[in-house]
Amino acid sequence: VIINARIPAGWNWTQKRSDWPEPAAALERLRDMQYTLITANRNYSSWSLRPWVLMTMLGIPFEGRVEPFAASNNYQAFRAFSPTGQVPALLDGQRTVWDSLGITLYLADRHEGVWPTDPAARAWAQCAVTEMHGGFSALRNDCTMNVGVRVQPKPMSAALKRDVARLTELWAQGLDSFGGPFLAGPQFTAVDAFFAPVAFRVRTYGLDVGHAGQEWVHHMLGQPPMLAWEEDALMESWREVSHEAELRACGEVTADYRRV
């Protein structure tokens with residue numbers, strides 16, 4: 001097996017062999033290429049987007065595999081590759097890592113850039129990620145993810161208003177504290193990945209997240225991986241009945257840009 005090891009710039013080739021860099025970086029690269037990330041429909045699957053955009057933005061190599069939502073309940077089918085019967089799942093050789101947060105923590109142990117380097121920004125980002133992972137239930141339920149459409153939402157419930165207000169506050173706090181243009185500073189990190197599906201939701205439903213929040217949404221939606229995800233979503237031929245019903249329950253579809 002030939003491993004393409006990365007040699008530091010300016011390396012002095014006259015140094016004795018004992019001073020040469022350890023092959024850890026090369027072995028890490030070889031191991032990275034074993035990653036397989038299993039995701040679902042681009043239009044619907046917010047959980048799938050999180051690790052996909054994280055790995056893509058950070059340049060972590062992986063093989064992608066799409067398992068579409070073929071029915072209203074995919075538990076048994078998805079159990080073939082994920083112990084929870086849900087996506088996403090990351091395969092690393094013989095090891096299976098599940099849940100978007102579990103995958104993020106796993107990658108953070110192995111790759112730089114998942115979390116901010118600044119301690120204050122890192123602490124804030126980790127709190128915001130766990131808040132997104134475990135909260136904002138009204139936003140999830142009342143503004144289901146569908147990348148390819150635009151919706152005039154129904155009158156907002158008190159719970160949804162509270163979620164949007166908290167979202168606006170949280171994003172403004174991160175952008176103000178760490179200087180942007182990403183939520184925890186100048187570099188994309190896991191906190192941006194976890195709120196990436198919300199960027200699509202803000203656009204789909206026309207949610208008001210304040211000036212700073214809208215600037216972040218615009219910045220995120222312009223990132224090449226997000227544009228690629230959107231393009232794939234628009235070209236998908238899959239339509240799953242229950243997800244489409246959830247969409248109609250959220251409001252009136254005013255535009256559908258899906259091409260198939």
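Hydrogens, waters and symmetry mates play no part in the numbers below; they use all other heavy atoms, side chains included. Since we're looking at a predicted model, the values are computed, not measured.
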Does the side chain of Val149 reach to within under 4.5 Å of the side chain of Tyr257, using non-hydrogen atoms? no
Evaluate whether atom CG of Asp208 has more than 12 neighbouring non-hydrogen atoms of other residues, nucleotides or ligands under 6.0 angstrom away. no
For a quick check under 3.5 Å, do Asp192 and Trp216 share a side-chain donor-acceptor pair by atom type? yes
Is it the case that Tyr44 and Glu244 place a side-chain donor and acceptor less than 3.5 Å from each other? yes
Do the charged groups of Arg140 and Glu246 touch, with an N to O distance under 4.0 Å? no
Contact between Tyr205 and Thr144 at the side-chain level, heavy atoms closer than 4.5 Å - yes or no? yes
Cut-off 3.5 Å, side chains only: do His243 and Asn41 have a donor facing an acceptor? no
In plain terms, say whether Glu67 and Arg65 are close enough for a salt bridge, that is, a side-chain N and a carboxylate O under 4.0 Å apart. yes
Is it true that a side-chain atom of Gln223 and a backbone atom of His219 form a donor plus acceptor pair closer than 3.5 Å? yes
Atom OG1 in Thr189, atom CG in Leu58: separation rounded to 0.5 Å? 8.5 Å
If you count every heavy atom of other residues, nucleotides or ligands that lies below 6.0 Å from Glu230 atom CD, does the total exceed 12? yes
Electrostatic pair Arg259:Glu231 at N-O distance under 4.0 angstrom: yes
Do Ser157 and Asp142 pair up side chain to side chain, a donor and an acceptor below 3.5 Å, judged on atom types alone? yes
Value for CG (Leu183) from CD (Gln173), rounded to nearest 0.5 Å, stands at 11.0 Å
Spatial distance of atom CE (Met145) from atom SG (Cys250) [nearest 0.5 Å]: 13.0 Å
For the aromatic rings, using the six-membered ring if either is Trp, is the centroid distance between His111 and Tyr35 under 6.0 Å? yes
